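Taking it in order: structure first as structure tokens, then the write-up.
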Amino acid sequence: LGERDPGSLASAANYAGLLADLERWSEAEPVARQALSVCRADLGAQNALTMKCANILGNAEMALDRCREAEVLLREAFQGRCELLGDSHPDTLESATNLAALLYKQGRVEEADKIQHESLARFREQLRARRPTQ
């Protein structure tokens, strides 16, 4: 096994995600960046793990106040997940929420509100589908 092995890539993405969950952004950023670079090269842009890495790296960039870089990554993750997983998948909704948070941070409230409201409606649809009323 090496860093290019799919299992190793998944572990690196999970580790970057853990660091992000702990808000250790300056540590998460290089791990996520390396994992994303290898995922793009080996798995392609339209891959679920590639999208996960883009999402984690985008969040790290946002936390480190690199908003332009964060927006590119978070849009990539959101749009890629929409295409790959559908616009109601939980991972897509997570990416939408992250993108909306960045847009709020940038003062782009109307755009953020639109994304957030659409995501909330899709999330509610998912809940209704899981728990139909009698």
Side-chain angles (χ1 to χ4, degrees):
L1 300 181
E3 77 169 10
R4 302 189 99 77
D5 176 75
S8 296
L9 289 172
S11 292
N14 290 338
Y15 181 55
L18 173 64
L19 292 170
D21 288 344
L22 295 171
E23 297 184 7
R24 292 167 51 183
W25 300 111
S26 60
E27 295 172 67
E29 186 266 339
V31 175
R33 184 175 305 285
Q34 176 65 22
L36 178 59
S37 175
V38 176
C39 282
R40 281 179 176 156
D42 291 5
L43 305 176
Q46 293 299 323
N47 176 276
L49 187 55
T50 304
M51 296 303 145
K52 177 179 181 175
C53 292
N55 192 63
I56 294 167
L57 182 56
N59 283 331
E61 296 289 14
M62 176 173 42
L64 296 169
D65 289 323
R66 299 179 195 143
C67 292
R68 271 185 271 154
E69 295 91 340
E71 184 173 352
V72 169
L73 290 160
L74 293 174
R75 283 192 186 279
E76 174 186 338
F78 175 55
Q79 292 167 349
R81 284 175 162 176
C82 279
E83 292 170 15
L84 187 66
L85 305 172
D87 60 6
S88 294
H89 190 279
D91 290 349
T92 305
L93 298 175
E94 174 192 28
S95 289
T97 299
N98 294 337
L99 178 58
L102 173 69
L103 295 171
Y104 278 122
K105 183 175 182 167
Q106 294 175 315
R108 295 159 63 186
V109 175
E110 277 186 38
E111 189 177 357
D113 277 344
K114 181 177 186 271
I115 292 170
Q116 198 67 9
H117 284 287
E118 290 170 359
S119 296
L120 181 58
R122 288 186 183 100
F123 179 71
R124 287 181 174 152
E125 288 171 16
Q126 290 296 312
L127 287 178
R128 278 192 289 277
R130 288 187 201 143
R131 297 183 183 170
T133 58
Q134 297 179 7

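Hydrogens, waters and symmetry mates play no part in the numbers below; they use all other heavy atoms, side chains included. Only a predicted model underlies this, so the values are computations on that prediction, with no experimental measurement involved.
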Inset, instruction - Before giving the answer on side chain to side chain contact (heavy atoms under 4.5 Å, CB included), spell out for S88 and E125 the whole-Å C-alpha distance, their side-chain angles and the decisive distance to 0.1 Å. - result: CA-CA 8 Å; S88 294; E125 288 171 16; 4.3 Å; yes
Could you pull out all residues at least two apart from [X] that satisfy side chain to side chain contact (heavy atoms under 4.5 Å, CB included)?
X	answer
R108	E71, R75, L103, Q106, E111
S11	none
D91	R81, L85, H89, E94
A13	L49, K52, C53

Inset, instruction - Taking salt bridge (Lys or Arg N to Asp or Glu O under 4.0 Å) as the test, write out the residues that go with R122, two or more places apart. - result: D87
Legend entry - Side chains of L74 and N59 in contact at under 4.5 Å (non-hydrogen atoms): yes
Inset, instruction - Find out whether K105 and C67 are in side-chain contact, i.e. whether some heavy atom of one side chain is under 4.5 Å from a heavy atom of the other. - result: yes
Legend entry - Closest non-hydrogen atom pair between Q46 and L84, with its separation: O-CD1, 3.8 Å
Legend entry - Over all atoms of both residues, closest heavy-atom pair of L19 and A28: CB-CB, 3.7 Å
Kindly give the cluster partners of [X], where membership spreads through any ILVMFWY side chain lying under 4.5 Å from a current member.
X	answer
L64	W25
V72	none
L73	L36, L57

Got a sec, which pairs hit salt bridge (Lys or Arg N to Asp or Glu O under 4.0 Å) with one end in [range], sequence neighbours left out?
range	answer
residues 8-19	none
residues 38-47	R4-D42, R40-E76
residues 9-24	R24-E27

Please set out all donor-acceptor pairs under 3.5 angstrom arising from side-chain atoms of residues 114-121, sequence neighbours excluded.
from, atom 1, to, atom 2, distance (Å)
K114, NZ, E118, OE2, 3.2
S119, OG, I115, O, 3.0

What's the separation between atom [atom1] in [X] and atom [atom2] in [Y], rounded to the nearest 0.5 Å?
X	Y	atom1	atom2	answer
T50	L43	OG1	CG	5.0 Å
R128	Q126	CZ	CD	10.0 Å
R130	L127	CZ	CG	6.0 Å
N14	L9	CG	CG	11.0 Å

Inset, instruction - Establish whether V38 and I56 are linked, either directly or via other cluster members, by ILVMFWY side-chain heavy-atom contacts under 4.5 Å. - result: no
Inset, instruction - Flag yes if F78 and L93 sit in one hydrophobic cluster, no otherwise; membership is Ile, Leu, Val, Met, Phe, Trp, Tyr, and two members link when side-chain heavy atoms are under 4.5 Å apart. - result: no
Inset, instruction - Give a yes or no on this: more than 12 heavy atoms of other residues, nucleotides or ligands lie within 6.0 Å of atom OH of Y104. - result: yes
Legend entry - Side-chain donor/acceptor of T92 to backbone N/O of G86, under 3.5 Å: yes
